[in-house]
Amino acid sequence: MSDKRPLIVDSHLDLGANAIQINRDLLQTAASVRIHDAEPVMRSFGSCTVTFPELRKGKVGIIFGTVMSRLDSNDSWTRTGMWCQAQCHGVGRGHLAYYQALEREGVLRFIRNTKDLDDTVTAWDDPAADTPLGLVLAMESADPILDPDQVPEWYDLGLRMVSISHYGVSAYSHGTGTEGGLLPTAKPLLDAFKEVGIIVDLTHTTDQAFWEILDIYDGPVAASHHNARALTPGQRQLTDEMIKAIIERNGVIGASFDSWMLDANWQREVACYNQTSGATLETVVDHIDYICQMAGNTNHSGIGTDLDGGFGQEQAPRDLNTIADLQNLPAIFERRGYSETDINNILSGNWIRLLKEVWAS
Amino acid sequence: MSEKPVLIIDGHLDMAYNALFYRRDLTQPVHVLREREDPVRRGISQHADSLERRKGIDDKHYTVTVTLPEMRKGHVGIMLSTIMARVMAPSVASHNSVRTQGTAYARGQSHLHYYNALAREGEITFIKNSADLDACVESWQNPTPETPVGLILTAESSDPILGPDQVQEWWDAGLRSVSLTHFGANTYGHGSGTLGGLYPPAYPLLDALKDVGMILDLTHAADLTFWQILDYWDGPVHASHCNCRALTPGQRHLSDEMIKAITDRDGVLGMVFAEQMLSPTWSWDDPTTHYTTATRPMKSVVEHIDHICQLTGNADHVAFGTDLDGGYGKELAPTDYNTIEDLQRFPSILEENGYNAEDIDKICHGNLIRLFKNNWS
């Protein structure tokens, strides 16, 4: 029996960090990981929602998987921040190597060009139980890139989208939670991205850095996991002007599933197991709808859940158990009057279009 | 002792593990890292999402003793340093082990690429062949404060090697010595703290290791694993960081028969500078004998060196394999040791105990140089 459900692309998942730093076996079901996680892991990172069997169950056939390590010596929050870029480079290459090991096992395949992308989309039209997931390699904070000279090497390794900062101040720019703009090192790095064709991910920029990037960089842009500030206040979200700017550049904005970015009443200083999320999948659709209304079409919204990105089920929309539940989104869109084409644009088509446009030029 | 410092080769350090797991910037002096890691200054994150909490190590802190500037000051010019990742069942206690071999590969690669980044900065230099080794030894005749520390890349546990077909890739990356196992039973066999031998995948791996010319490190082999390896393997061996079971009880150490088996093959034994490897009352196999503060000075290492030299009738098979900062810190290092710079005091300790200059050179660097040069010729 063929699987008629829509293909879903998730533009932001920190699978490498989950496997290596949190130490989860992502080849197990989420239920199995929850059983095996030690109690302090559950307390710190919440209950697992993303593993390969769950992605498969939700027909999330294409994912942007990150390389994630950042300079952040004052990181009293997660204490994953590093003191020097050599450390970030090591951690980052470890995440890449995890994806390479999974490719060797046939769990996933890297998507590096249009042909890889077309092949993966075709394979997921009617996937078998062992059809490999497609992985687009992304990077959250550019600190693992030691200098612009190293950009071609990273591109050859598969890197296709990069946000130059994360939390704190990276080697290249101010990021989320700080005030300030790009550092002088950013321009040569952005030039190197332009040269090879890497998409600049505007997520985790400060407001100032956001606009500075758009001023000096005329290559492809996106926001991998980002919601609307009009609906959820805070620097972490995009203002209307920012959303318009990304739309004008033909970019795509992935909707993030972190309650901190969906629920204005979410208290970041309170542990996730001591509060209930006010967000549901409907709330996510509110953000997507807001962007679609602003664009006047459905060509610039996508799914960029960031599920298990430092938080678990407790901090996800409260009607989501695992990432397989993304398949509940189509019915919500339908009820709101979205056509089948619109739904496919949002769930997969827009990211596929952006990648193809970048790789065709 | 002469005015000129002696070149010291440390046969076992876990530098990348320290840099990435404990987030130590090893290009900084020890005092800077100690200040950063001061329990008062670092605090423990009160947020639920804190690594200390998830690792369950709130109350454990190992005071740092090994960084690159201290190594330069102590003339520790060459190190065997690890990629270290092992597969082990989930538990808080095994927070530095991983769930799957794919993850072990990833962690091993993260260690490799940390070293690559340091090499790119000129902090260290990879030693992959005899010419590299000669050049590095030469550079340490008259070092400057910037002379890179030489690195011979080793693996503690072979879990990061995903199969025999991947051995060449690791060799090309610089890997020159591997132990099949570490703590627990892994992909290839039984290691420290377990009873058992090799698993079937070990044999094709050994064949591939032999083909490229890898040296096999017998450290962390369970007893049966140790003898099964020697039955099958006729390539070069050493024990990068192992002391004598005759002096310190427990399976973690080498029996006299094991020492002879290694030295008969011209292998070299690296001496560990940890209380738990030097104390006659501490048994690895009996947690009730364990404690948290060192009682033994550096010269107690000489007891183990003497024991091996008496067994073999010469000083040709002993070296350093300190394992300093390898899962312990200053707390369980020798009582008269502060940072790795202090290893430079060890030549005079040997001299005081009757070792001549030639033997001291062999122990400090000559034996390990011979081990690798013989194998790389």
Side-chain angles (χ1 to χ4, degrees), chain A residues 16 19-28 33 35-46 69 73 75-102 104-105 107 144 146-147 150 268-274 310-311, chain B residues 16 19-21 23-28 32-33 36 42-58 85 89-121 123 160 162-163 165-166:
Chain A
I20 298 168
Q21 272 68 41
I22 307 184
N23 209 357
R24 288 172 167 164
D25 177 1
L26 301 182
L27 302 183
Q28 307 296 316
V33 172
I35 292 167
H36 285 93
D37 273 347
E39 196 276 332
V41 173
M42 299 286 271
R43 201 172 53 200
S44 300
F45 292 98
S69 182
S73 58
D75 172 23
S76 60
W77 186 261
T78 68
R79 293 182 177 264
T80 55
M82 291 293 181
W83 293 82
C84 70
Q85 271 188 279
Q87 293 170 303
C88 299
H89 182 72
V91 173
R93 285 295 301 247
H95 293 169
L96 166 65
Y98 174 66
Y99 300 128
Q100 289 170 332
L102 290 178
R104 183 183 154 107
E105 291 177 36
V107 174
L146 295 174
D147 54 51
Q150 218 184 37
R268 211 177 179 210
E269 301 302 329
V270 173
C272 61
Y273 47 77
N274 280 334
F311 63 97
Chain B
L20 302 190
F21 194 79
R23 301 193 297 135
R24 290 173 171 164
D25 177 357
L26 300 179
T27 64
Q28 300 298 313
V32 171
L33 295 195
R36 286 178 185 173
R42 76 195 174 108
I44 294 294
S45 174
Q46 289 309 301
H47 187 257
D49 183 11
S50 99
L51 273 187
E52 280 84 355
R53 282 168 175 248
R54 71 126 165 128
K55 288 177 198 154
I57 57 169
D58 311 43
S91 84
V92 178
S94 68
H95 61 266
N96 62 1
S97 61
V98 297
R99 297 280 189 276
T100 68
Q101 223 195 329
T103 323
Y105 172 73
R107 189 162 290 174
Q109 286 279 310
S110 74
H111 292 175
L112 165 67
H113 287 285
Y114 172 68
Y115 296 125
N116 281 338
L118 289 183
R120 188 182 164 106
E121 292 172 14
E123 290 279 348
L162 293 178
D165 59 317
Q166 213 184 47

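Naming convention: chains lettered A, B, ... in sequence-line order (proteins, then strands); numbering from 1 in each chain.
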- Could you tell me which portion of A:L146 (side chain, backbone, both or neither) has an atom closer than 4.5 angstrom to a non-hydrogen atom of chain B? side chain

- Task: Would you name the heavy atoms of A:A101 and B:L162 that are closest together and state the gap between them?
- Result: CB-CD1, 3.9 Å

- Query: At what distance, to the nearest 0.5 angstrom, does CG of A:D25 lie from CD of B:Q101?
  - Reply: 12.5 Å

- Does the cation-pi check pass for B:R36 over A:W83, that is, NZ or CZ under 6.0 Å from the six-membered ring centre and within 45° of its axis? yes

- Item | Under 4.5 Å from any heavy atom of chain A - which part of B:E121 | side chain

- Item | Check: A:G81 main-chain N/O paired with B:R23 side-chain donor or acceptor under 3.5 Å | yes

- How many angstroms lie between atom CZ of B:R24 and atom CE of A:M82, to the nearest 0.5 angstrom? 12.5 Å

- Query: Looking at A:H89 and B:A117, what are the two nearest heavy atoms and their distance?
  - Reply: CD2-CB, 3.9 Å

- Note on the structure: Between A:G94 and B:S110 the two heavy atoms that sit nearest each other are CA-CB, 3.6 Å

- Note on the structure: Applying a strict 4.5 Å limit to non-hydrogen atoms, the region of A:Q28 in contact with chain B is neither

- Non-hydrogen atoms of A:Q87 and B:L20 that approach each other most closely: O-CD2, 3.4 Å

- Which of these passes side-chain contact (heavy atoms from CB on, under 4.5 Å) with A:C84: B:D25, B:L26, B:L118? B:D25

- Query: Going through the checks in order, is the side-chain contact (heavy atoms from CB on, under 4.5 Å) test met by A:Y98 and B:Q109?
  - Reply: CA-CA 9 Å; A:Y98 174 66; B:Q109 286 279 310; over 6 Å; no

- Item | Heavy-atom contact with chain A under 4.5 Å, split by part of B:T100 | side chain

- Task: Kindly indicate whether the side chain of A:I20, heavy atoms from C-beta on, has any atom under 4.5 Å from the side chain of B:R99.
- Result: no

- Query: Mind checking whether B:Q166 and A:R104 have side chains closer than 4.5 Å, heavy atoms only?
  - Reply: yes

